[in-house]
Amino acid sequence: QVQLVESGGGLVQAGGSLRLSCAASGGTFNNNAMGWFRQAPGKEREFVAAISGSGLSTNYANSVKGRFTISRDNAKNTVYLQMNSLKFEDAAVYYCAANSASYSSRWTGPDEYDYWGQGTQVTVSS
């Protein structure tokens, strides 16, 4: 029922910035906690950031604190991930996820999210 489509990935130099977008359709977007995860080749899918249904509460992985910002525009049914000061270790496929059963941003496990986008590739050069 809930469909998520990520966009905004691409190639960026280390130290640069990208903004990822996740457009949601179906379900009740305003009530869904949303999260961003990433997965690099040979590695487990890892938590990046999450945001509550209202957008008032956010949660970040320690590795991205101070560099990434998650936000949402419920009027546009869209969640964003602003990524600044990108590092080589940030290169991965980034996935948007929705938790249809929770309003909270506290969930960090991939298995705690019900719906996933197709992913968008972020490549960091140098």
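- Taking OG of S71 as the start and CE of M34 as the end, the distance is 11.5 Å to the nearest 0.5 Å.
- T69 places none of its side-chain heavy atoms less than 4.5 Å from the side chain of Y80.
- Taking all atoms of both residues into account, the shortest heavy-atom contact from T123 to A91 is CA-CB, 4.4 Å.
- Side chain of S63 to backbone of A61: no donor-acceptor contact under 3.5 angstrom is found.
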request  = Evaluate the criterion side chain to side chain contact (heavy atoms under 4.5 Å, CB included) for residue pair W36 and V79; output intermediate values, then yes/no.
outcome  = CA-CA 9 Å; W36 285 98; V79 63; 4.0 Å; yes
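- Residues passing the side chain to side chain contact (heavy atoms under 4.5 Å, CB included) test with K65 are Y60, N62, sequence neighbours excluded.
- For residues 12-39, every residue pair satisfying the salt bridge (Lys or Arg N to Asp or Glu O under 4.0 Å) rule, not counting sequence neighbours, is listed here: R38-E46, R38-D90.
- Under the side chain to side chain contact (heavy atoms under 4.5 Å, CB included) criterion, S17 pairs with Q82, N84, sequence neighbours left out.
- Here the side chains of Y103 and S54 are in contact, with some heavy-atom distance below 4.5 Å.
- Note: S125 OG to Q13 CD = 4.5 Å, rounded to the nearest 0.5 Å.
- Applying the disulfide (SG to SG under 2.5 Å) test to every pair with at least one member in residues 16-47, sequence neighbours left out, gives these pairs: C22-C96.
- A donor-acceptor pair is defined here as one N or O able to donate and one able to accept, closer than 3.5 Å; no such pair exists between the side chain of Q121 and the backbone of G10.
- Under the side chain to side chain contact (heavy atoms under 4.5 Å, CB included) criterion, V122 pairs with L18, L20, M83, Y94, V124, sequence neighbours left out.
- Under the rule for a side-chain hydrogen bond (donor to acceptor under 3.5 Å, both in side chains), N31 has no partner lying at least two apart in sequence or in another chain.
- A donor-acceptor pair under 3.5 Å links the side-chain atoms of R72 to the main chain of S52, judged by distance alone.
- Think of W107 as one node in a network of Ile, Leu, Val, Met, Phe, Trp and Tyr side chains linked at under 4.5 Å; its network also takes in F37, F47, V93, Y95, Y113, W116.
- Evaluation of the side-chain hydrogen bond (donor to acceptor under 3.5 Å, both in side chains) rule for S57 yields S105 as partners, not counting sequence neighbours.
- For the pair T108 and N59, the minimum side-chain heavy-atom distance is below 4.5 Å.
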task = Would you check, one step at a time, whether the test side chain to side chain contact (heavy atoms under 4.5 Å, CB included) holds for E44 with Q39?
result = CA-CA 6 Å; E44 298 290 320; Q39 188 167 23; 5.7 Å; no
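- Among residues two or more places apart in sequence or in another chain, the side chain to side chain contact (heavy atoms under 4.5 Å, CB included) test is passed with S85 by R67.
- The nearest pair of heavy atoms linking A49 to L81 is CB-CD1, 4.2 Å.
- Side-chain atoms of E6 come within 3.5 Å of backbone N or O of Q118 as a donor-acceptor pair.
- Apart from L11 itself, the hydrophobic cluster it occupies contains nothing, where clustering links Ile, Leu, Val, Met, Phe, Trp and Tyr at side-chain heavy-atom distances under 4.5 Å.
- By the 4.5 Å side-chain criterion applied to Ile, Leu, Val, Met, Phe, Trp and Tyr, V5 is assigned to no cluster and stands alone.
- Atoms CG and CG, on N74 and N32 in that order, are 9.5 Å from each other to the nearest 0.5 Å.
- Residue pairs that meet the salt bridge (Lys or Arg N to Asp or Glu O under 4.0 Å) test with at least one member in residues 103-125, sequence neighbours left out, do not exist here.
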